[in-house]
Amino acid sequence: MRHIFIIYTGGTIGMVQDENGIFVPFDFELIKKNLPDLSRLDYKLTVHSFDPIIDSSNMTPDIWLEMARLIRDNYEQYDGFVILHGSDTMAFTASVLSFLLEGLQKPVILSGSQLPIGEIRTDARENMMTALEIASTKHNGISVIQEVCILFDNKLFRGNRSFKYNSAKFEAFRSPNYPVLVEAGIHLKYNFEALLYNGDKELVFHDKLDNRVGVLKLFPGIRLETIRAVLQSDVRSIVMETFGSGNTTTDPAFLDLLKEAIGQGKNILNISQCKVGSVELGRYETSQGLKQIGVLNGYDMTFEAAITKLMYLQGEFEDQELVAFWVEKDIRGELTVND
Ligand code: ASP
């Protein structure tokens with residue numbers, strides 16, 4: 001009999017309204033009570049609840065590491081892992097877990113819901129049941145899904161390609177730069193060509209994150225003082241969110257600030273403010289200068305993947321050049337190199 005490990009971290013799925021009508025997390029018993037079908041499944045479930053359970057806006061790197069350790073420690077005993085998690089920061093958690101858990105051969109599926117499980121129109125039941133079903137699916141004794149994913153509204157996405165795009169619809173997530181991995185209708189339709197296979201790799205668990213990462217989101221009219229404040233803050237790397245296919249102003253004063261920070265050993269990673277498409281350094285005159293001074297190419301990475309990949313690489317390497325080398329490489333299916 002297959003055995004799935006459920007990690008309950010909190011989120012709307014298990015929330016109730018307190019006396020003031022505010023949604024607060026509640027324990028797993030609430031989910032069990034509202035999902036009697038759990039006892040009808042033909043696979044075994046073991047539940048681990050985090051203490052405390054949280055709204056995912058309170059997520060931290062320490063909790064990410066605790067989650068990853070829990071998977072490492074239980075990896076051999078279970079066929080798959082389902083993490084119940086708030087949707088707000090789910091894409092960050094899915095991304096960071098993909099980096100911490102290298103060579104996964106079992107599914108790690110994050111899910112949650114937009115309406116609590118106790119509500120009549122809840123999306124929690126569909127999401128959780130489909131996540132469990134996919135997490136338990138094997139072919140010839142091998143897990144079909146061998147990566148960290150997000151299941152929401154009948155779609156399974158690669159975790160490090162996804163972002164929360166809608167806070168009002170059941171369709172909360174999208175991954176426009178990578179195909180959907182599974183569509184759940186009457187049948188589960190697997191997009192086999194898009195799945196990661198880790199062959200006979202062993203699980204390599206990484207145990208460190210360094211969150212000295214900053215963000216510079218550009219806009220026309222941004223002041224040089226603001227840019228300087230970000231670049232000169234106590235960080236090792238900066239994710240710079242640029243226009244279109246990776247473009248910025250060509251103002252020499254701006255480029256000089258970037259050059260100065262790079263000269264001090266900081267990594268500046270260029271990702272686009274557009275949710276679809278990729279950075280193409282040097283395509284326009286407005287990104288030519290960036291390439292010349294050593295700004296790094298984030299290609300089509302999501303913001304969530306870029307931030308957590310840098311935390312992971314900085315945890316791995318003291319040497320900034322190694323961080324810079326690996327951040328431009330596809331290491332867990334999180335980016336597509338286009339040059
Ligand atoms: N605020 C909630 C959370 O992220 C939202 C959700 O679960 O969808 O924990």
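As the structure lists them, so they are numbered: ligands from 1, and atoms in each ligand from 1.
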Query raised in the report: Got a sec, which residues hit side chain to side chain donor-acceptor pair (under 3.5 Å) with T93, two or more places apart in sequence or on another chain?
Result: W64, H85
Query raised in the report: In terms of residue, atom name and distance, what is the protein heavy atom nearest to atom 9 (O) of ligand 1?
Result: S56 N, 2.7 Å
Query - Salt-bridge present (K169, D153; N to O < 4.0 Å) - result: no
Query raised in the report: Short list, please: which atoms of ligand 1 are under 4.0 Å from a heavy atom of G11?
Result: 7 (O), 9 (O)
Query raised in the report: For atom 8 (O) of ligand 1, what is the nearest protein heavy atom, given as residue, atom name and distance?
Result: S87 OG, 2.4 Å
Query raised in the report: Judged by atom type as modelled, is there a donor-acceptor pair below 3.5 Å linking the side chain of S272 to the main-chain atoms of F243?
Result: no
Query raised in the report: Can R161 and E334 be counted as an ion pair, charged N to O under 4.0 angstrom?
Result: no
Query raised in the report: Does ligand 1 have any atom sitting under 4.0 Å from a heavy atom of S113?
Result: yes
Report task. Using distance alone, decide if ligand 1 has a nitrogen or oxygen within less than 3.5 Å of any nitrogen or oxygen in D88. Result -> yes
**Report entry** Ligand-side contact atoms (ligand 1) for residue partner T12, heavy atom cut-off under 4.0 Å
**Finding:** 2 (C), 5 (C), 6 (C), 7 (O), 8 (O)
Query raised in the report: Looking at F325, does the NZ or CZ of K329 lie under 6.0 angstrom from its six-membered ring centre and within 45 degrees of the ring axis?
Result: yes
